[in-house]
Amino acid sequence: MPLRFYNTLTQQVQEFAPAHDNTVRMYTCGPTVYDFAHIGNFRTFTFVDILRKTLRANGFGLNHVMNITDVDDKIIRNAAAQGKTIEDYTATYIQAFLDDCATLRLERPERLTPATQHIDDMAAAIARLGEGSHTYNSEGSIYFRIATFPQYGKLSHNDFGGILAGARVDVDEYEKADARDFALWKAPKPGEHFWEEPIGPGRPGWHIECSVMAIKYLGETLDIHAGGVDLIFPHHENEIAQSESLTGKPFSRFWLHAEFLMVEGQKMSKSLGNYLTLRDVLARGYEPEAIRYLLESVPYRKTLNFTFDGLKSAVTSIERLRNFKLRLETDRYPEGVQERMTARTAAASQAFTDGLNDDLNTAEALAAVFEYVRDANSAMDTGEFRAGDVAGALELLKRFDSIFDVLQPGAKGGQLQDAEVERLIAERTAAKKARNFAAADRIREQLLEQGIVLEDTKSGVRWKRK
RNA sequence: GGCGCGGUAGCCAAGUGGUAAGGCAAAGGUCUGCAAAACCUUUAUUCGUCGGUUCGAUCCCGACCCGCGCCUCCA
């Protein structure tokens, strides 16, 4: 199945390929670094990670830019409250964000672009918009005049015809000429940090950074622009207005948006007490892989209900897959190849790919893998599974994990060295041979306390760290 | 009010105009010294409600109910 995505712009599922060479030029909205990112943020960032990996699996190269919004009202306010510079204040959260991404195994985009390093570019872009009569000044701020962009609303599919009647209001008497106009450049308030630019002193509005950095690094028309659904309006709509007024070309061919995340069936909010950062969830003792699995198991266009029951279920699901992998690696199988298994592996692999290519249907892709695991386990139980089938099965798992990335356990704090574990297992095996089961069970218990789980199989003892 | 998304078993969730994937949980069984792992069986005559189109609808159309998001900062 060819790769297809739902495009917010056209409201249709469309086949995707990069416009020019084989490289996808993609821009995704990154974090505003005024605090630790929450799991809702990571739902979106995890979707972007799946998107990246699926694009790569389709043979495309990636040129992906993600912004870091390191100047906005909250940042200015919080930094001032703590007597810090903006830079010092955001440094903590930028690092935290990078650490959290690493924890969740999210790939780094090809380029991360902090807004504050592109202020000159933004000011220049605003000046050029001014030359095109797309802006007006009001009380020291510069606004984008939406009346100059008739297509405004094409992404969010809103008709602003009626609202735009406000454009008749006299500019000089009002801060904004039209309710939908938005700030490109904000006049400095007393005591606030500002930049001195040819367009005047001030700081950039929220939307301009994305247009400017995207065009600077990726060109005038992107292949993909992605983010959370809440960004469709006004953020992405405004980006389109600015960018297309600037270039006269479509800003992005595809717009992908991840749905919201809820917590325990309710919207996440600080007042409800269900506001969760990644760190909060980790502090409850869950491994990052389980969180990652839960976030990626629900297709991105569907609201994800994040629950701790769901997390537990994710833990078990991953365990099943890891057990299967361990079994492949440790059991002994009769020589030869089972043709039925070979065909089964190929079919599962195809179904996995088809699922992902169908607008990143991760649920479908997962189902293909789990169905395969059941069939293969079953074949192992009956002795049909052959030594020659192992490689294909491992290859399938590898493909799965190149996207989902949950099979490799994170570093565990186990104190026991492998050699020591092996020694104790040998001791236990000897005790079992002597039919001293009490002693054998004692050793197994002892290992379990160290997080080592033993499994007796026909091929011998298999162990894993829990 | 406008725009958008969704309502499928205890929970999460896929899906198609022809009769309901997958995961978790639960119960029973096989295997095992005991476990663990694994496998097998059972668990939605039914897909928010009511109409309509159709030989046939969970899937198409209409109305309604409910949840969520955006419309102000927000993933």
Side-chain angles (χ1 to χ4, degrees), chain A residues 6 8 11 28-32 34 37-48 69 72-74 153 155-160 162-163 179-180 182 206 226-237 257-262 265-269 293-294 297-307 309-324 326-327 330-331 351 355 358 361-382 432 435-438 440-441 444-445 448 453-458 461-464 466:
Chain A
Y6 178 84
T8 306
Q11 298 182 296
T28 61
C29 289
T32 302
Y34 69 96
H38 56 68
I39 52 171
N41 295 313
F42 285 113
R43 200 273 164 106
T44 300
F45 297 134
T46 302
F47 142 67
V48 169
T69 302
D72 85 326
D73 291 340
K74 285 196 195 95
L155 182 69
S156 56
H157 304 99
N158 279 313
D159 177 6
F160 292 109
I163 297 158
R180 299 290 155 174
F182 57 92
W206 174 34
V229 279
D230 53 331
L231 296 183
I232 295 171
F233 190 90
H235 186 50
H236 288 163
E237 198 74 72
H257 293 98
E259 258 297 340
F260 242 65
L261 172 146
M262 301 208 295
Q266 294 183 298
K267 55 181 165 182
M268 184 167 67
S269 79
Y293 182 93
L294 179 56
S297 63
V298 179
Y300 78 97
R301 285 210 293 133
K302 175 151 182 162
T303 306
L304 189 158
N305 187 13
F306 186 98
T307 66
D309 272 353
L311 249 192
K312 285 177 197 136
S313 155
V315 170
T316 316
S317 299
I318 293 173
E319 234 172 66
R320 178 167 168 79
L321 297 171
R322 286 178 179 169
N323 285 337
F324 176 65
L326 189 66
R327 188 178 190 186
T330 56
D331 270 11
D358 184 12
N361 190 337
T362 48
E364 199 70 47
L366 278 172
V369 172
F370 276 105
E371 247 176 299
Y372 175 78
V373 168
R374 196 208 323 108
D375 286 358
N377 267 321
S378 184
M380 288 172 179
D381 285 355
T382 60
K432 272 179 59 179
R435 303 199 63 80
N436 184 354
F437 294 120
D441 288 349
R444 188 167 65 191
E445 278 303 307
L448 187 60
V453 179
L454 300 193
E455 296 174 9
D456 294 332
T457 76
K458 289 193 173 82
V461 183
R462 161 166 83 202
W463 66 277
K464 63 188 178 188
K466 199 170 171 67

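The sequence lines fix the lettering, A, B, ..., with proteins before strands; numbering per chain opens at 1.
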Between B:G2 and B:U45, how far apart are the C1' atoms? Round to whole Å, please.
41 Å
Which heavy atom of A:Lys464 sits nearest a heavy atom of A:Glu455, and at what distance?
NZ-OE2, 3.1 Å
Work out which heavy atom in A:Leu448 is nearest to a heavy atom in A:Val453; give both atom names and the distance.
CD1-CG2, 3.9 Å
For the student: nearest non-hydrogen atoms of A:Ile232 and A:Thr8, plus distance
CD1-CG2, 4.0 Å
Using a cut-off of 4.0 Å on non-hydrogen atoms, how would the nucleic acid contact of A:Pro31 be classed: base, sugar-phosphate, or nothing?
nothing
In terms of side-chain heavy atoms of A:Leu261, which of B:G22, B:A75, B:A14 is nearest?
B:A75
Take atom P in B:U43 and the same atom in B:G6, then report the distance between them in whole Å.
31 Å
Say you pick atom P in B:C24 and the same atom in B:A20; how far apart are they, in whole Å?
23 Å
Minimum heavy-atom separation for A:Glu237 and A:Leu155, please, with both atom names.
OE2-N, 3.2 Å
Phosphate contact (B:C12 OP1 or OP2) by A:Asn305 side-chain N/O below 4.0 Å:
yes
Expressed as a whole number of angstroms, how long is the span from A:Asn436:CG to B:G33:C1'?
12 Å
Side chain of A:Ala363 - closest among B:C39, B:A13, B:C5
B:A13
Side-chain heavy atoms of A:Ile39 within contact of A:Leu261, under 4.5 Å:
yes
Atom pair distance, as rounded to whole Å: CG in A:Asn377 and C1' in B:C40:
13 Å
Base, sugar-phosphate, or nothing for A:His235, non-hydrogen atoms under 4.0 angstrom?
nothing
Base, sugar-phosphate alone, or nothing: which one does A:Gly227 contact when heavy atoms must sit under 4.0 Å apart?
sugar-phosphate
Would a 4.5 Å heavy-atom cut-off, applied to side chains only, mark A:His236 and A:Cys29 as touching?
yes
Would one find a side-chain N or O of A:Lys302 under 4.0 angstrom from OP1 or OP2 of B:A14?
yes
Watson-Crick or G-U wobble mate for B:A57, both contacts under 3.5 Å
none
With rounding to whole Å, what would you report as the distance between B:C61 and B:U53 at their C1' atoms?
7 Å
At under 4.0 Å between heavy atoms, what does A:Leu294 touch on the DNA or RNA strands: base, sugar-phosphate, or nothing?
nothing
Looking at every strand, decide which applies to A:Arg462 at a 4.0 Å heavy-atom threshold: base, sugar-phosphate, or nothing.
sugar-phosphate
Between A:Asp456 and A:Lys74, who's closer to the 5' end of RNA chain B by nearest nucleotide?
A:Asp456
Hey, can you tell me if A:Tyr372 and A:Phe324 have their rings parallel, tilted or perpendicular (30° and 60° cut-offs)?
perpendicular
Give every residue pair that meets the salt bridge (charged side-chain N to carboxylate O under 4.0 Å, His left out) criterion with at least one member in residues 370-380 of chain A, sequence neighbours excluded.
A:Arg344-A:Asp375
Please confirm whether A:Arg43 makes a cation-pi placement over A:Phe306, using NZ or CZ under 6.0 Å from the six-membered ring centre and within 45° of the ring normal.
no
Between B:A21 and B:U41, how far is it from one P atom to the other, in whole Å?
13 Å
If we take the C1' atom in both B:C60 and B:C68, what is their distance in whole Å?
25 Å
Which heavy atom in A:Pro31 sits nearest to a heavy atom in A:Phe45, and how many Å separate them?
N-CZ, 3.8 Å
Answer for the Watson-Crick or wobble partner of B:G62, both distances under 3.5 Å, is B:C50
Paired to B:A44 by Watson-Crick or G-U wobble criteria (both distances under 3.5 Å) is none
Give one of base, sugar-phosphate or nothing for A:Asp441, where a contact means two heavy atoms less than 4.0 Å apart.
base
Can you check whether A:Lys432 reaches A:Asp456 side chain to side chain, under 4.5 Å on heavy atoms?
yes
Flag the pair A:Ser317 / A:Tyr293 as yes when at least one side-chain heavy-atom distance between them is below 4.5 Å, and no otherwise.
yes
Students often get this wrong, so: under 4.0 angstrom with heavy atoms, is A:Asp72 touching a base, only sugar-phosphate, or nothing?
nothing
Using atom CD of A:Glu364 as one end and atom P of B:C12 as the other, report the distance to the nearest whole Å.
19 Å
Complementary nucleotide for B:G67 - Watson-Crick or wobble, under 3.5 Å
B:C5
If you find the nucleotide of RNA chain B closest to A:Arg43 and the one closest to A:Glu319, which residue's nucleotide is nearer the 5' end?
A:Glu319
Could you let me know what B:U30 is paired to, Watson-Crick or G-U wobble, both distances under 3.5 Å, or none if it's on its own?
B:A38
Strand partner of B:A20, provided both Watson-Crick or wobble distances fall under 3.5 Å
none
If I take atom CZ in residue A:Arg435 and atom C1' in nucleotide B:C34, what distance separates them, rounded to the nearest angstrom?
11 Å
Which whole-number value in Å describes the distance from A:Met268 CE to B:A75 P?
10 Å
Measuring only the C1' atom in each nucleotide, how far is B:U19 from B:U46? A whole number of Å is fine.
10 Å
Spacing of A:Lys464 atom NZ relative to B:A35 atom P, expressed in whole Å
17 Å
For A:Glu455 and B:C34, give me the distance from atom CD to atom C1', rounded to whole Å.
14 Å
On a heavy-atom basis, the closest approach of A:Phe42 and A:Ala37 is CE1-CB, 3.5 Å
For A:Ile39 and B:A75, what is the distance between atoms CD1 and P respectively, to the nearest whole Å?
14 Å
State whether the distance check finds a donor on one side and an acceptor on the other, under 3.5 Å, for side chain A:Asp159 versus base B:G2.
no
Looking across every strand, which nucleic acid part, if any, lies under 4.0 Å from A:Ala258 by heavy atom: base, sugar-phosphate, or nothing?
nothing
Does A:Thr32 put a side-chain nitrogen or oxygen below 4.0 Å from OP1 or OP2 of B:A75?
yes
Taking N or O atoms only and anything under 3.5 Å, show me the protein contacts with nucleotides 23-30 of chain B, one pair per line.
residue, atom, partner, partner atom, Å
B:G23, O2', A:Ser317, OG, 2.3
B:C24, O4', A:Ser313, OG, 3.3

Rounding to the closest angstrom, what is the interatomic distance between B:G7 and B:A75 at atom C1'?
23 Å
Nucleotide N/O to protein N/O under 3.5 Å, stretch nucleotides 67-71 of chain B:
residue, atom, partner, partner atom, Å
B:G69, OP1, A:Lys267, NZ, 3.3
B:C70, O2', A:Phe233, O, 3.1
B:C71, O2', A:Arg180, NH1, 2.9
B:C71, O2', A:Arg180, NH2, 3.2

